[in-house]
Amino acid sequence: MSQTPYRIRLRVGIALAFLLTTVPLIAVMLSYLYHENSRTALEVASQSIARTTQTVTNDLNGLVSPVARVAEAMAGFGRIDRNGLRRIESLRYFSDALATLPQLASLYVGFAGDGAFFQMARLAPDGGRFGPAAPPPGSALALRMQDSSSGRFADSYFYLRSWGQVTGVERVEATEDPRTAPWYVAAQKAGAAVMSDAFVLPATRRPVVTVSYRMATDDGVPIGTIGADVSLDRLAARLDALRIGPSGAVFVIDGTGRVICHNRADLLVGGDGATAALHTTASFPDPVLAEAVERRNSGAGDRFIAPLGPQSRDYIVEFAPLTDGIGRGWTVGVAVEVDEFVGSLRRATYRIVVIGAGLLAVSVLLLLWLSHRLTRPMQDIVSETKRIRHFDLNGRFAVRTRVQEVAELAGAVEAMKGGLRRFGAYVPKALVRDIIVTGDGGELGGETRPLSILFSDIAGFTATSESMPPQQVLDRLTTYFERMTACIHGHGGTVDKFIGDAIMAFWNAPRPDPDHAEHACLAALGCLSVNRAINDACLAAGMPPMPTRFGLHLGEVVVGNVGSSDRMQYTALGSHVNLASRIEGLNKVYGTSILVTGAVEHAVRGRFLFRPVDLAVPSGLSAPIELFELVGALDPHSAFARPPETHDLCRQWHVAVSLYRGRRWSAALDLLRPLADEPEVAALARLYIARCERLIADPPGDGWDPAEHFKTK
């Protein structure tokens, strides 16, 4: 990298560029922002308050309307079946309505004829009385039945955990006539759904409104009235969510000057016991609400800004009467502190003015020159890091710059590229690429997944290398490993490690490979072809060949990083890895080159040509496994396709092995003896001939096991 006479600090250049690019914007916008912020904020406040008011109106409708529909439906049922609501099973609908509508505090019916009264109520979770005495523990519902079903007109209270689970019963003399209650009388006069003023329900000491609906025959004869108490607590929780700012207030007042709902539900009810009642606006514990209503009543109107509360802070206040027929004279009120909208904007404007005055003193003449000098090298570095992220490590990288940090960064990038190139020689390149791209993979641990695992070993390498100088042995192995690993990588495999002159590789990790078994078989055939070329070159140079045997197995293993935090290895572990190594070693027994297990053959059946070798129980296993020799590819266009003669030989061999395993050893011998002259299967044929002759001479019993058991690795 070329040296420059001097360099400046990157932070100085960045500061200059930042100041020079922000000055024009600040100069144009300062004055406009200063004068427009407050007006815009107040407009936003007005719109926000209007939306809040409309939301409260909608929530009230959503609170009351479903209950009114339930009351109307119950009235329709009572009109169709006059005695239907007197039956205990019909009261199940009352329980279902309470479960469906959380805002429903109680549902009841009063009958015109005899004054019978049936009610299902939700009990307060913190106790409280509903009937003559406190409900039994665990009670959630109360059923009140005032009728003469017991032989005399009595008032019965049934306490329930849920419908059908009674926790207690009380009976007293009936003292109330529902036909004189305000909710009953109002509905009978109106002939339609009627909503009462808000009041405090004694059983829960919470504010409710009653929706009642008249039941009558088609010709107007009264049957009774359906009533429902709607709790305003859920609306209070909604108001708290709509409140703007920690000191804001959202509330509803009625036509008599009482606060029927507030974002703080705990302030609504005053008094105790029989004296519990809703506060008036003048006595309400929130001074912001009390003063806002007082100013409105004094002529301030439905929208104004005024100092409120103990600290006399300015509030935006807006009142909106409800016009949808809900409540009598109900009005929604919203009070929001002005500083919630304009305070932060005013403070921000002041800060911008101060900062802008300093920025305006900075010259903009150097902007273009500095931006070019500063950004061009950084863009080159960014482009280079993108190439590195995609594991493109070719070529050298250099940047000409006067900025000290940029020059150091460029040098670090080049050093990183060299390190990654060297790192890729020790760790699977696919793993290095994934670590760079995703940022993951540097932690200890692994995952279980199926792998195709290959082991290779050079036959007689130790003996042939004893008389060679170490450097010559190293050179031979280096050339051998280069060509073999290139073949494995070319078929998507990962070289795990070199064990002396052996290679361990696997497929389907670190990147998933749905066709890993096929790719592993292609790699094994490719490595065998490469090995034959290496051996031909060795013989031509007067050097001993390096014949290689391969073992291939497929199974579930744990693959990942093992070791310690400061030195780890990406590898595969498990019994199937050990089995793959032992399969490779069995090539010596059978005289084969590529020995695979039945799991591999099953995974790629129909795509490769296999020769059945044996049923074997390798050392360490208890159950036999099928062994096959991988001969070639069945695709006639493949580089590993075999001639028809090889296919015929495989078919003959398959018949001979089937006869052997079927205990027809004499017939198997007739096929095996000619095969002993075929170089491709000669060693294996001689092994089976010896077995058949031994079994014919000394026939085994009926429990003969055709599997070969190996006691050593």
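From a predicted model like this one, the values you see are computed outputs, not experimental measurements.
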Contact summary for Leu104 and Val67, nearest pair of heavy atoms = CD1-CG1, 3.8 Å

Atom pair OG (Ser452) and CG (Asp513), whose distance is rounded to the nearest 0.5 Å = 8.0 Å

With a 3.5 Å cut-off and sequence neighbours excluded, list the donor-acceptor pairs that the side chains of residues 109-121 form with protein atoms.
from   : atom 1 : to     : atom 2 : distance (Å)
Asp114 : OD1    : Arg86  : NH2    : 3.0
Asp114 : OD1    : Ala116 : N      : 3.0
Asp114 : OD2    : Arg86  : NH1    : 3.2
Gln119 : NE2    : Ser106 : OG     : 3.4

inquiry  = For a 4.5 angstrom cut-off between non-hydrogen side-chain atoms, does Cys261 reach Pro207?
reply    = no

Spatial distance of atom CH2 (Trp163) from atom CG (Leu91) [nearest 0.5 Å] = 5.0 Å

Derivation of the side chain to side chain contact (heavy atoms under 4.5 Å, CB included) call for Glu318 and Arg303 = CA-CA 4 Å; Glu318 185 163 329; Arg303 185 181 186 279; 3.7 Å; yes

task = Using a 4.5 Å cut-off on heavy atoms from C-beta on, say whether the side chain of Phe153 contacts that of Glu173.
result = no

remark   = Minimal heavy-atom distance between Ala142 and Leu123, with the atoms involved, is CB-CD2, 3.8 Å

inquiry  = For a quick test of reading the model, state the closest non-hydrogen atom pair linking His576 to Glu556 and the distance between them.
reply    = CD2-O, 3.1 Å

key: Sub-4.5 Å side-chain heavy-atom contact between Phe506 and Asp496   = yes

ask   = If we ignore angles and hydrogens, is there a donor and acceptor under 3.5 Å between the side chains of Gln146 and Ser156?
value = no

query = For Val194 and Val211, what are the C-alpha separation, side-chain angles and deciding distance, and is it a side chain to side chain contact (heavy atoms under 4.5 Å, CB included)?
reply = CA-CA 6 Å; Val194 178; Val211 177; over 6 Å; no

query = When Arg258 is tested against each of Thr281, Ile253, Asp197 for side chain to side chain contact (heavy atoms under 4.5 Å, CB included), which residue passes?
reply = Asp197

key: N/O donor-acceptor pair under 3.5 Å between Asn263 side chain and Val250 backbone   = yes

Non-hydrogen atoms of Thr167 and Leu160 that approach each other most closely = OG1-N, 3.8 Å

ask   = Which salt bridge (charged side-chain N to carboxylate O under 4.0 Å, His left out) pairs, counting each pair once, include a residue from residues 175-190, with sequence neighbours left out?
value = Arg144-Glu176, Asp177-Arg179

task = Heavy atoms only: give me the nearest Thr494-Ala509 pair and the separation to one decimal.
result = OG1-O, 2.8 Å

query = Side-chain contact, heavy-atom cut-off 4.5 Å: Leu232 with Val208?
reply = no

ask   = Could you state the interatomic distance from CD1 (Ile260) to CG (Leu268), rounded to the nearest 0.5 Å?
value = 9.0 Å

key: Flag, side chain of Arg122 to backbone of Leu98, donor-acceptor distance under 3.5 Å   = yes

inquiry  = According to side chain to side chain contact (heavy atoms under 4.5 Å, CB included), who are the partners of Glu447, at least two apart in sequence or on a separate chain?
reply    = Arg449, Val559

message = Using modelled atom types and a 3.5 Å cut-off, is there a donor and acceptor pairing between side-chain atoms of Thr100 and backbone atoms of Asp96?
response = yes

Backbone of Pro135 reached by a side-chain donor or acceptor of Ser139 within 3.5 Å = no

ask   = If you round to the nearest 0.5 Å, how far is CD1 of Ile226 from CZ of Arg79?
value = 11.0 Å

ask   = Any chance OH of Tyr93 has more than 12 other-residue heavy atoms, nucleotides or ligands included, within less than 6.0 Å?
value = no

query = Applying salt bridge (charged side-chain N to carboxylate O under 4.0 Å, His left out), which residue pairs with at least one partner in residues 305-316 are found, sequence neighbours left out?
reply = Arg313-Glu337

remark   = With sequence neighbours left out, the residues meeting ring pair (Phe, Tyr, Trp, His ring centres under 6.0 Å) with Trp183 are Tyr108

ask   = Using 4.0 Å as the upper bound for N to carboxylate O, is an ion pair formed by Arg296 and Asp302?
value = yes

request  = Evaluate the side-chain proximity of Thr280 to Val259: yes if any heavy-atom separation is below 4.5 Å, no if none is.
outcome  = no

query = Tell me the ring-ring contact (aromatic ring centres under 6.0 Å, His included) pairs involving residues 275-313, sequence neighbours left out?
reply = His262-Phe284, His279-Phe284

key: Donor-acceptor under 3.5 Å (Asn508 side chain, Pro450 main chain)   = yes

ask   = Under 4.5 Å between any side-chain heavy atoms of Leu85 and Phe77, yes or no?
value = yes

query = Checking side chain to side chain contact (heavy atoms under 4.5 Å, CB included) for the pair Val577/Leu573: CA distance, chi angles, key distance, verdict?
reply = CA-CA 6 Å; Val577 177; Leu573 301 172; 5.7 Å; no

query = Under 3.5 Å, is there a donor-acceptor pair linking the side chains of Glu291 and Tyr315?
reply = no

task = With rounding to the nearest 0.5 Å, note down the distance linking CZ in Arg206 to OG in Ser231.
result = 7.5 Å

ask   = To the nearest 0.5 Å, how far apart are CE in Met215 and CD1 in Ile80?
value = 12.0 Å

key: For Val288 against Ala335, the heavy-atom pair lying closest together   = CG1-CB, 3.9 Å

ask   = Quick one: does Ser212's side chain have a donor or acceptor within less than 3.5 Å of a partner on Tyr184's backbone?
value = no

query = Given Tyr213 and Arg69, is the side chain to side chain contact (heavy atoms under 4.5 Å, CB included) satisfied, shown in steps?
reply = CA-CA 10 Å; Tyr213 202 95; Arg69 288 194 294 270; over 6 Å; no

ask   = Does any non-hydrogen side-chain atom of Leu451 lie less than 4.5 Å from one of His516?
value = no

task = Check whether more than 12 heavy atoms from other residues, nucleotides or ligands sit under 6.0 Å from atom CD of Glu294, and answer yes or no.
result = no

ask   = Do Phe94 and Met74 touch side chain to side chain, with heavy atoms closer than 4.5 Å?
value = yes

